[in-house]
Amino acid sequence: MILSDREIKAAMARGAIRITPEPAATAWSSTAVDLTLDANLSFWQSPSTQGVEAAFCPHSKDYDFAALSEKYSKSALIGAIGHILPPREFVLGWSLERIKLPHQFRLAARVEGKSSLARLGLGVHVTAPTIHSGFGTAESPDYPGSPIRLEIWNVGPLHIRLQKGMPICQLIFEWVDGTPEKGYGGQFNLQGPPP
């Protein structure tokens, strides 16, 4: 079941959902809340060894996304005039907002694109829309939650200017049928630039 705007706000009031900073009034629609783009972007650099392209196997027991990212990507901040994303380019971004979904409240979410951006050819998640129950939770109750990593790509023919603070995606919250045995503990649970 998808939560309405009223139910999302009620869940926030009782601590079942935490969004920091709290979304502006303009961020709300009937069944979703918009998230905005943080200034941090990461760009993959094409690795090659003596002119031969390297290949990576995510299924390998030695695969380590964090190490791969550190070695083959560079980070930059979106400046005052924004960042131009040309056609066929891919970047990783962050939501400005941090999300916390304590698993005992039986809620999960999905990241979805915004139609106003999709119609230009801009996507904000490739195949990873699920925000699991328990996402952004840590031992410390003061932990503000985690931002959402956004896989941003331009499949359209136009150059698109990305700007810090622009509405970039929306979250749709859903009830989880039953309380999970444990919260999300995957490698991306406590992610993001420092709070």
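Counting from 1, the numbers follow the sequence of the chain as shown.
Leu162 and Phe43 end up in the same hydrophobic cluster when Ile, Leu, Val, Met, Phe, Trp and Tyr side chains are linked at under 4.5 Å. By the rule that hydrophobic residues join a cluster once side-chain heavy atoms approach within less than 4.5 Å of another member, Leu35 and Ile78 end up as members of one cluster. One hydrophobic cluster holds both Trp175 and Leu171 under the rule that ILVMFWY side chains link at heavy-atom gaps under 4.5 Å. A chain of hydrophobic side-chain contacts below 4.5 Å, direct or via other Ile, Leu, Val, Met, Phe, Trp or Tyr residues, connects Leu3 to Ile148. Linking Ile, Leu, Val, Met, Phe, Trp and Tyr whenever their side-chain heavy atoms come within less than 4.5 Å leaves Trp44 and Ile84 in two separate clusters.
Summarising the geometry, atom OG belonging to Ser95 is positioned 7.5 Å from atom CG belonging to Asp38; distances are rounded to the nearest 0.5 Å. Atom CG of residue Leu96 and atom OG1 of residue Thr20 lie 10.5 Å apart, to the nearest 0.5 angstrom. Taking CZ of Phe135 as the start and OG of Ser146 as the end, the distance is 4.5 Å to the nearest 0.5 Å. In this structure, Ile172 CD1 and Ile2 CD1 are separated by 5.5 Å, a value rounded to the nearest 0.5 Å. The CD1 atom of Ile160 sits 11.0 Å away from the NE2 atom of His83 when rounded to the nearest 0.5 Å. From Trp94, atom CH2 reaches atom CG of Leu37 across 12.0 Å, with rounding to the nearest 0.5 Å.
One N or O on the side chain of Ser73 and one on the backbone of Ser69 form a donor-acceptor pair closer than 3.5 Å. Of the possible polar contacts, none joining the Asp64 side chain to the Leu68 backbone as a donor-acceptor pair under 3.5 Å is found. Side-chain atoms of Arg106 come within 3.5 Å of backbone atoms of Val176 as a donor-acceptor pair (strictly under, hydrogens ignored). Distance alone, capped at 3.5 Å, places no donor-acceptor pair between the Asn40 side chain and the Leu77 backbone. Looking at Thr130, its side chain never comes within 3.5 Å of a backbone N or O of His132 through a donor-acceptor pair. Counting only distance, with no hydrogens or angles, the side chain of Thr137 and the backbone of Gly134 share a donor-acceptor pair below 3.5 Å. The backbone N or O of Ile81 lies less than 3.5 Å from a partner atom in the side chain of Arg161, making a donor-acceptor pair.
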Practice item. Could you please spell out the steps behind the side-chain contact (heavy atoms from CB on, under 4.5 Å) verdict for Leu117 and Met166? Key: CA-CA 11 Å; Leu117 300 176; Met166 69 183 283; 4.0 Å; yes
Requested in this report: With side chain to side chain donor-acceptor pair (under 3.5 Å) as the test, would you mind laying out the steps for Thr36 and Glu97 before giving the verdict?
Outcome: CA-CA 7 Å; Thr36 57; Glu97 295 79 7; 2.8 Å; yes
Run the side-chain contact (heavy atoms from CB on, under 4.5 Å) check on Leu122 and Ile168 step by step: do they pass? CA-CA 9 Å; Leu122 189 73; Ile168 192 71; 4.2 Å; yes
Step-by-step side-chain contact (heavy atoms from CB on, under 4.5 Å) determination, Glu112 to His125: CA-CA 7 Å; Glu112 295 293 346; His125 69 81; 3.6 Å; yes
Is there a side-chain contact (heavy atoms from CB on, under 4.5 Å) between Asn154 and Phe90 once you walk through the steps? CA-CA 7 Å; Asn154 182 356; Phe90 175 83; over 6 Å; no
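Checked against Glu151 for a side-chain contact (heavy atoms from CB on, under 4.5 Å), the options Val124, Leu92, Val111 give a single hit: Leu92.
In this structure, Lys9 is positioned above the aromatic face of Trp28, its NZ or CZ under 6.0 Å from the six-membered ring centre and within 45° of the axis.
Gln163 and Gly82 make their closest contact through CG-CA, 4.1 Å (heavy atoms, listed as atom of the first residue, atom of the second, distance). When all heavy atoms of Ser133 and Ala108 are compared, the closest pair comes out as N-CB, 4.0 Å. Shortest non-hydrogen contact noted between Gly113 and Gln170 is O-NE2, 2.9 Å. Listed here is the closest heavy atom pair of Ala11 and Leu107: CB-CD1, 4.0 Å. Residues Cys169 and Leu150 come closest through the heavy atom pair SG-CD2, 4.0 Å.
Under 4.0 Å is where a charged nitrogen must lie from a carboxylate oxygen, and between Asp34 and Lys114 at least one such pair does.
At least one side-chain heavy atom of Met12 sits under 4.5 Å from a side-chain heavy atom of Ile19. In this structure the side chain of Glu174 never reaches within 4.5 angstrom of the side chain of Met1, judged on heavy atoms. Contact check for Trp153 versus Val91: no side-chain heavy atoms found under the 4.5 Å cut-off. Taking 4.5 Å as the limit, every side-chain heavy atom of Pro87 sits out of range of all side-chain heavy atoms of Pro157. Side-chain contact between Arg98 and Tyr143: present, with at least one pair of heavy atoms (C-beta onward) separated by less than 4.5 Å. Counting only heavy atoms from C-beta outward, the side chains of Ile17 and Ile8 approach each other to under 4.5 Å. At least one side-chain heavy atom of Ser42 sits under 4.5 Å from a side-chain heavy atom of Arg149.
By the neighbour-count criterion of 12 heavy atoms within 6.0 Å, atom CD of Gln45 is densely surrounded, having more than that number from other residues, nucleotides or ligands. More than 12 non-hydrogen atoms from other residues, nucleotides or ligands lie less than 6.0 angstrom from CZ of Arg14.
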